[in-house]
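These notes concern the structure reproduced below.
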Protein chains: 2
Amino acid sequence: MNTSSGKLRNTAQRTIILNALRGLKTHPTADELYEVVKKEMPKISLGTVYRNLVMLAEIGMIRKLETAGKQMRFDGDISAHVHIRCSRCGRVDDIWADPISIPEHMKTIDFRGYQVTGYALEYEGICPDCAKKGMN
Amino acid sequence: MNTSSGKLRNTAQRTIILNALRGLKTHPTADELYEVVKKEMPKISLGTVYRNLVMLAEIGMIRKLETAGKQMRFDGDISAHVHIRCSRCGRVDDIWADPISIPEHMKTIDFRGYQVTGYALEYEGICPDCAKKGMN
DNA sequence: ATGCTTAATAATAATCATTCACATCAAGGG
DNA sequence: CCCTTGATGTGAATGATTATTATTAAGCAT
């Protein structure tokens, strides 16, 4: 696979980061992925992980999730799918569902002068792990 | 209006913050609201604004937006409505549209063990102001 | 009205995620 | 093989939010 595009160079760090993200079925934060990648390349820096994740998202090879929560999360799967986020721990999982017909619905809406570029549908709930731990 | 609930006390600061938020049609961040509130009460502290906004959201008198972007945003209007967020400046506006039939659709979805508490539908775009400024 | 209990406040320090600055390194074309 | 320039690692800087703490003031009971 070719990880470069335009004037981007093809570094070992970028390849490892991309493969690590694709190997995870989760939607890690930058520092979660940093911990994974460090096992393979112990001297890599967190700044490099951030820089490459943002860059890879910009060229469309991965997705930067537009999700609530204070930490950025990334997804190696760029196919169209919806997420559910745990409001306790912030974990994000994939939801496999027929996409709802939002694009059709959008034709009827007054967007008040905005150029609409997309939409994000995100479910919210308590993940199985947090439900087990916390008692409410 | 009574802004207290349970053991909460009814302070001048809380009242001013709540009224200021309700008076705005925007969805301000804590520090945007802080700037507004300071005009009326110059010695108020940013920490007090944060503390009260979070508290008022917890008791359901205002809404804390579960929106992307690094800053928290709050909404004095707790009725059900959808938002659009500018991906350039982070500004959030209301969209008046018939709610899509997501609740019905949800019955058909496998939520993988999550207790679902809700969903967030958010449109994304470029606001009129940013479209005017930037040239792309 | 006065005092008392305790939540709320103002000010400031601490934390956490992310970005920046910069000296060095190395990919890949010539 | 060298040179240009993007990429890296280190560490410092930033910005938003949260925590700490001494002081103030609601509001109930006197």
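Protein chains get the first letters and strands the later ones, always in sequence-line order, with residue 1 at the start of each.
Distances shorter than 4.0 Å separate some side-chain N or O of A:Asn52 from OP1 or OP2 on D:dT8. For the pair B:Gln13 and C:dA10, the criterion of a side-chain N or O lying under 4.0 Å from OP1 or OP2 is met. Listed pair B:Ser45 / C:dT9 fails the phosphate criterion, with no side-chain N or O lying under 4.0 Å from OP1 or OP2. Residue B:Thr11 places none of its side-chain N or O atoms closer than 4.0 Å to OP1 or OP2 of C:dA7. OP1 and OP2 of C:dA8 both lie 4.0 Å or more from every side-chain N or O belonging to B:Arg51. In terms of phosphate contacts, A:Arg14 brings a side-chain nitrogen or oxygen within less than 4.0 Å of OP1 or OP2 of D:dA7. For the pair A:Lys43 and D:dT10, the criterion of a side-chain N or O lying under 4.0 Å from OP1 or OP2 is met. In this model, the phosphate group of C:dA17 is not approached by any side-chain N or O of A:Thr29 to a distance below 4.0 Å at OP1 or OP2.
Side-chain atoms of A:Ile44 lie closest to D:dG9 of the nucleotides C:dA10, D:dG9, C:dT18. With D:dT17, D:dG27, D:dG9 as the candidates, the nucleotide lying closest to the side chain of B:Asn10 is D:dG27.
Atom CD1 of B:Ile44 and atom NZ of B:Lys39 lie 13.5 Å apart (nearest 0.5 Å).
The NZ-P distance, from A:Lys70 to C:dT15, rounds to 17 Å in whole Å. Atom CE of B:Met41 and atom P of D:dT24 are 16 Å apart (whole Å). In this entry the distance linking CG of B:Leu46 with P of D:dT18 reads 11 Å, nearest Å. In this structure, the CD atom of A:Gln71 is 16 Å from the C1' atom of D:dG15, given to the nearest Å. Between the P atom of C:dT9 and the CD1 atom of B:Ile17 lies a distance of 7 Å, rounded to the nearest Å. Residue A:Leu8 contributes atom CG, which lies 15 Å from atom C1' of C:dA26 at whole-angstrom precision. The distance from atom NZ of B:Lys7 to atom P of C:dT5 is 16 Å, rounded to the nearest whole Å. Taking atom CD1 of residue B:Ile59 and atom C1' of nucleotide C:dA7, one finds them 14 Å apart after rounding to whole Å.
Among all heavy-atom pairs drawn from A:Ile126 and A:Cys86, the shortest one is CA-SG, 4.0 Å.
Contact check for A:Glu32 versus A:Arg73: side-chain heavy atoms found under the 4.5 Å cut-off. Between A:Thr67 and A:His83 there is no side-chain heavy-atom pair separated by less than 4.5 Å.
Counting atom types as modelled, B:Arg9 pairs a side-chain N or O with a base atom of C:dT6 as donor and acceptor under 3.5 Å.
In the model, A:His27 has no side-chain atom that pairs as donor or acceptor with a side-chain atom of A:Asp77 under 3.5 Å.
The nearest heavy atom of DNA chain D to B:Ala12 and to B:Ala30 marks one nucleotide each, and the one closer to the 5' end goes with B:Ala30.
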